[in-house]
Structures are given as C-alpha cells and as structure tokens.
2 protein chains.
Amino acid sequence: MKEITVKKGQILQRTGDLNNKAYIVKSGLLRSYSIDEKGKEHIFMFGPEGWIISDYLPVGQPCDLFIDVIEDSTIIVIEKTYEEIKKAEVEKLFRRISVLQKRVIMLMSSSAIERYEHFIETYPQIVQRVPQRMIASYLGITPEALSKVKGERITKK
Amino acid sequence: MKEITVKKGQILQRTGDLNNKAYIVKSGLLRSYSIDEKGKEHIFMFGPEGWIISDYLPVGQPCDLFIDVIEDSTIIVIEKTYEEIKKAEVEKLFRRISVLQKRVIMLMSSSAIERYEHFIETYPQIVQRVPQRMIASYLGITPEALSKVKGERITKK
DNA sequence: ACAACTTCTTAATATAGATTAATGCTTGCC
DNA sequence: GGCAAGCATTAATCTATATTAAGAAGTTGT
C-alpha cells in the first residue's frame, strides 16, 4: 500500500494482467475500460477523487479491464489479498452493486438520449473534464451519435 | 427469517416497496425485473435454486425491481437489517459485482446473437425452464429478434 | 372437447444508431 | 508561421433491431 503520482496517459493495468491491485484516487481522474474484438473501447467507469477503481473479479484471475490515467493523478495502490478483501468496507461493496444494478437497467431500457441525460445528472463534474468521445464510450454509443443527441437536446429547448 | 412456499405467478416485491427483504431460493425459480415508462419488462436476473434474489439498493429506500415467481418455489425470506448486511458473506458480494461487471461489458460491446450465445453457455439449466420471451427480456431484445437469432444460429450450423 | 388465452414464429416496414467520409478546429512541434 | 495529428461536428448511407401484424401451435379453464 503506497502512494504514487502518475501522468496522464499512463496505463496502470491491462486486460489479462493478474488481478491483484486496487487504486484509490486521491486527486486526478482514472478510468477503467474494456476493448472488444474489433478494438473498440467501452468505458466501464470513471474514477474521480475519492473513488476506488479496480477489476472486481476474483483475485488472481486475469483482468477483464484496462485502467489508465486521464488527468495527472495521485493514487494509492492497494495489493489485494484475500485477507485485505475481507476487511473491505461492506457498505462500499453494496454501493457499487447498487450503481451497477442501475447501470444494467439503464443500458437495457433507455435510449441514447436518456442515458446522456442521466449521465450529466449523475456526473456533472466529469462531463466538464473528459473528451466527448469518452462520454460516448461510457454511454455505449459512438461520438457521432452523441454529437447528434446533443444537437437535438439544444434545439428542443 | 422464515421459509415459505410460493406459487407460480406470485409477486413478492414491487417497484417502490420499501427495500428490506432478500429471498434465498431453496427450490423453484424466481426472477427480478424492472418495468420502464412504456410498461416494458426488462429481466435483471433469474434466481434458480441456491441463489439469493434481492434489490441491491440501500436498505430502506424504495425498490427499483419487481420480484416474482416463475415456478412454484420454496424460499427463505430474510429481513434485511443493517446488522444482517454486515454479516453477509463478502465473497458472495464480490461474485455478484463480478457478474454485473461482465454483464455491463457485454451489454455495451456485444450484439444480440453474441449475448444469446453467452447466455446459453452461462445458464444452460435456465434456458430449458423459462419461456422465450423472458430470455429475450434478459438479453435486452424483443422476442421477435430472439426468434430470428435462433433461426440464424440453426441454419448456420 | 371447445373456447379463450398465451406463446412462438415469420414477414413487412420503420427507426435508432453505426459507419463512412468530409470539414473545420485546436494543439503541439519544427 | 506553417504543418501534422487528433478531436468534434455534420451529413449520407447502411444495418441491426424494433415495431406491427398475422397466423400456427400450445395451454388452461369450464
């Protein structure tokens, strides 16, 4: 468990790496994402200050997710051991499950425009800090589709 | 914490109910699902024998999910209290997070046919037991689209 | 055994979002 | 300053899936 500073663009974890670390964000911004067979990125979550970013798979298995640095950041690296996990704050786990549950429901039942509305409500601080293409990736649409959605939102108002 | 038997079709929990129960399935089959503004159901998860079905939101908040009974079942009802939650087996929570993480990645990066392939691999016992339209709802597609996908799968082989 | 449902499938049409491509920004670099 | 590279936007076309509709097959109740 050590504190490190990392530069924008640095990759902390790759798909296939042994899953044995978690990252607590003190300052800055991380993201985790997967890359599909076609080479397309899908952002799984953003990690601003105060969040923990990690691959929530059984420890020791190969990771599904990439984790990299969007803004210069200070982070605490935790070596995950089985014992460490047992000590994890249970409430945090429940919160994570709750967020994921909502995300699945949203991915299944909402259109691109509804997902975008929900995103800017939920993460107003992040909207300002990441490029459009990353927001599109988080929403599960292309940057072009996002651009269209935003245009429609403005003309409607 | 009591054991009860419930009949097919019975609704155990509705959206908006106070979230304070969890259901352990001893035998039979439950499902949890949400209903969107258009009245469309989206199945969130199936609960065959051995599974726990619950709304994983903070205790005391209104539920997002419906839970109902697909096959006559015997279930154990747990009253969730904050203390009860603390005793929850942490490994089970991690497993749940891991499943959700994979589900989100899949919803974002896979086509209907890939999601169907994945589903029958992951839940071979459930495929046989639930009507097609519920599988479609779990996959996030319409029954019509699922029917097409299955047709294409067979002719390709 | 029949009527009334519900489910599954097939087909025609419609649509959201993907793909492709072109254009005009910024931003960094020599 | 000028050029190259990446990013956002717009538009044209394409495609997977939704929607609608209708019929066949299966199920349930009386």
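Quick note on labels: first sequence line is chain A, next is B, and so on, each numbered from 1.
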Taken to the nearest whole Å, CG/Leu146(B) to P/dT10(C) is 12 Å
Taken to the nearest whole Å, CD1/Ile141(A) to P/dT19(C) is 12 Å
DNA chain C nearest-nucleotide lookup for Val130(B) and Ala145(A): closer to the 5′ end is Val130(B)
Minimal heavy-atom distance between Leu65(A) and Ile105(B), with the atoms involved, is CD2-CD1, 3.6 Å
To the nearest angstrom, the CD-P distance between Glu114(A) and dG17(C) comes to 9 Å
To the nearest angstrom, the CE-P distance between Met108(B) and dA16(D) comes to 21 Å
Practice item. Could you give me the CA-CA distance, side-chain angles and deciding distance for Arg133(A) and Glu144(A), then say whether salt bridge (charged side-chain N to carboxylate O under 4.0 Å, His left out) is met? Key: CA-CA 9 Å; Arg133(A) 79 198 147 77; Glu144(A) 291 84 355; over 6 Å; no
| task | Just call it for Lys38(B): base, sugar-phosphate, or nothing, with non-hydrogen atoms closer than 4.0 Å on any strand. | result | nothing
Taken to the nearest whole Å, CD/Glu152(B) to C1'/dT15(D) is 12 Å
Q) Just wondering, more than 12 heavy atoms not from Arg129(B) lying within 6.0 Å of its CZ? A) yes
Check your understanding: Between Gln132(A) and Lys150(A), does a side-chain contact (heavy atoms from CB on, under 4.5 Å) hold up when you go through it step by step?
Key -> CA-CA 11 Å; Gln132(A) 296 302 304; Lys150(A) 292 202 304 180; 2.7 Å; yes
When Lys148(B) and Arg133(B) are each assigned the nearest nucleotide of DNA chain C, the 5'-most assignment goes to Arg133(B)
note: Leu139(B), atom CG; dA18(D), atom P; distance rounded to Å ~ 10 Å
note: Lys150(B), atom NZ; dA16(D), atom P; distance rounded to Å ~ 20 Å
Comparing Ser110(B) with Gln132(A), nearest DNA chain D nucleotide closer to 5' gives the residue Gln132(A)
- Pro131(B) near the nucleic acid: base, sugar-phosphate alone, or nothing, with a heavy-atom cut-off under 4.0 Å? sugar-phosphate
To the nearest angstrom, the CD-C1' distance between Glu144(A) and dT10(D) comes to 10 Å
Short side-chain N/O contact from Thr142(A) to OP1 or OP2 of dA18(C), under 4.0 Å: yes
The single option from Tyr138(A), Trp51(A), Tyr33(A), Tyr123(A) that satisfies ring-ring contact (aromatic ring centres under 6.0 Å, His included) with Phe46(A) is Tyr138(A)
